[in-house]
Amino acid sequence: MFGLAITRRLAALLGSLALATVLALTSPATASARPVSAQEAAADFTAALNAVDAFWRGHWSQFSNTAYSPPRIVGLYDSNTKRLTCGTEVLGQNAWYCPSGDYLAFDATFMRTFYSYGDAFIYLASAHEFAHAIQNRLGQYNKQNMELQADCLAGAALAGAQRDGLIVAEKGDQQELYNTLKALGDASYTRGANHGSGNDRVAHYNLGVQNGVGRCLKL
């Protein structure tokens, strides 16, 4: 239920120590994360989306004078069997926010691929795509660096959700998040909608954790 404390494993952040150390790791771990079952992943996926929504709902008035409304959640889908479109684009194997339809969708194959990095990935993907919906509501969706801004907003939302008691941290979450962000890096963010290098993504996620939503919106 939205707004209630969620005590499942977190994707994320810090305790009461210096925020700057949240993902201050030097290299991906060589050991694989504990396998995540389909049932466990589905529960974490629901918990992650609920927690992120609850964070934005609870803090929306700090950033906008409009009424808060969440995006529609399509949830998991199979791009091999279901033709999901956003405008004229057919959505493939990835996690998506569709601005024209104002919905979030997550291809099951894509999500399963990155489950191997641990359950923290589920929270990261949920917070990142939700961040795109927030950008759209605040008129910042078409920024050149919108992907790195979304990483920043994801870090801010997950850190804020932890402070609000919506999610709790678990040993190993920092390493899982670091590994995932490094693995999902691509080309420099100066090229349109690219997500940035792994180091770019870690740095912007940390920026949100350390400084909150307001700093992300100044990017």
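- Annotation: the span from Asn206 atom CG to Cys152 atom SG amounts to 9.5 Å, rounded to 0.5 Å.
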| request: Would you check, one step at a time, whether the test salt bridge (Lys or Arg N to Asp or Glu O under 4.0 Å) holds for Arg137 with Asp102? | output: CA-CA 10 Å; Arg137 284 152 173 73; Asp102 193 33; 2.7 Å; yes

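- Both Val74 and Leu91 belong to a single network of hydrophobic side chains, linked directly or stepwise wherever heavy atoms of I, L, V, M, F, W or Y lie under 4.5 Å apart.
- Applying the side chain to side chain contact (heavy atoms under 4.5 Å, CB included) test between Tyr97 and each of Phe130, Tyr103, Tyr141 identifies Tyr141 as the sole match.
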| request: Start with the C-alpha gap between Leu158 and Val209, add the side-chain angles, then the distance that decides, and say whether side chain to side chain contact (heavy atoms under 4.5 Å, CB included) holds. | output: CA-CA 8 Å; Leu158 290 176; Val209 172; over 6 Å; no

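- Annotation: the span from Leu181 atom CG to Tyr205 atom OH amounts to 7.5 Å, rounded to 0.5 Å.
- Following chains of ILVMFWY side-chain contacts shorter than 4.5 Å, one cannot reach Tyr77 starting from Leu49, and the two form parts of different hydrophobic clusters.
- When only modelled atom types and interatomic distance are considered, His204 and Asn145 share no side-chain donor-acceptor pair under 3.5 Å.
- Taking 4.5 Å as the limit, every side-chain heavy atom of Gln162 sits out of range of all side-chain heavy atoms of Val168.
- Aromatic pair Phe106/Phe110: centroids not less than 6.0 angstrom apart.
- Of all the heavy atoms in Phe55 and Ala156, the pair that sits closest is CZ-O, 4.1 Å.
- Between Arg201 and Glu147, the closest side-chain pair of non-hydrogen atoms is not below 4.5 Å.
- Between His59 and Phe63, the ring center distance fails the sub-6.0 Å criterion.
- A continuous path of Ile, Leu, Val, Met, Phe, Trp and Tyr side chains, each step under 4.5 Å between heavy atoms, connects Trp56 with Leu104, placing both in one hydrophobic cluster.
- For the pair Ala161 and Ala51, the tightest heavy-atom approach, listed with the atom from each and the gap, is CB-O, 4.3 Å.
- Met146 is listed as a side-chain neighbour of Gln135, based on a closest heavy-atom distance under 4.5 Å.
- Rounding to the nearest 0.5 Å places CG of Asp78 at 8.0 Å from CD of Gln93.
- Cluster annotation: Val52 is connected to Phe45 through the hydrophobic network of ILVMFWY side chains, with a link wherever side-chain heavy atoms come within less than 4.5 Å.
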| task | Evaluate side chain to side chain contact (heavy atoms under 4.5 Å, CB included) for Leu138 paired with Leu217, printing each intermediate quantity in order. | result | CA-CA 9 Å; Leu138 296 177; Leu217 296 179; 3.8 Å; yes

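- When all heavy atoms of Ala131 and Ala154 are compared, the pair lying nearest together is CB-N, 4.4 Å.
- Side-chain atoms of Lys143 come within 3.5 Å of backbone atoms of Leu219 as a donor-acceptor pair (strictly under, hydrogens ignored).
- Rounding to the nearest 0.5 Å places CG of Leu207 at 10.5 Å from CD of Gln149.
- For the atom pair CG of Asn179 and CD of Gln175, the computed distance is 4.5 Å after rounding to the nearest 0.5 Å.
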| Given Leu76 and Asp107, is the side chain to side chain contact (heavy atoms under 4.5 Å, CB included) satisfied, shown in steps? | CA-CA 6 Å; Leu76 294 172; Asp107 175 66; over 6 Å; no

| said: Using side chain to side chain contact (heavy atoms under 4.5 Å, CB included), reason through Ile134 and Trp60 one step at a time and then give a plain yes or no. | reply: CA-CA 10 Å; Ile134 297 301; Trp60 185 246; 3.8 Å; yes

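- With hydrogens and angles ignored, the 3.5 Å screen pairs no side-chain donor or acceptor of Glu176 with any backbone N or O of Phe121.
- In this structure, the separation between CG on Asn211 and SG on Cys216 is 8.0 Å, given to the nearest 0.5 Å.
- Using a 4.5 Å heavy-atom threshold, the side chains of Pro71 and Cys98 count as separate.
- Judged by distance alone, the side chains of Asp173 and Tyr178 never bring a donor and an acceptor atom under 3.5 Å apart.
- Nearest heavy-atom pair across Ser100 and Gly87 is OG-N, 3.6 Å.
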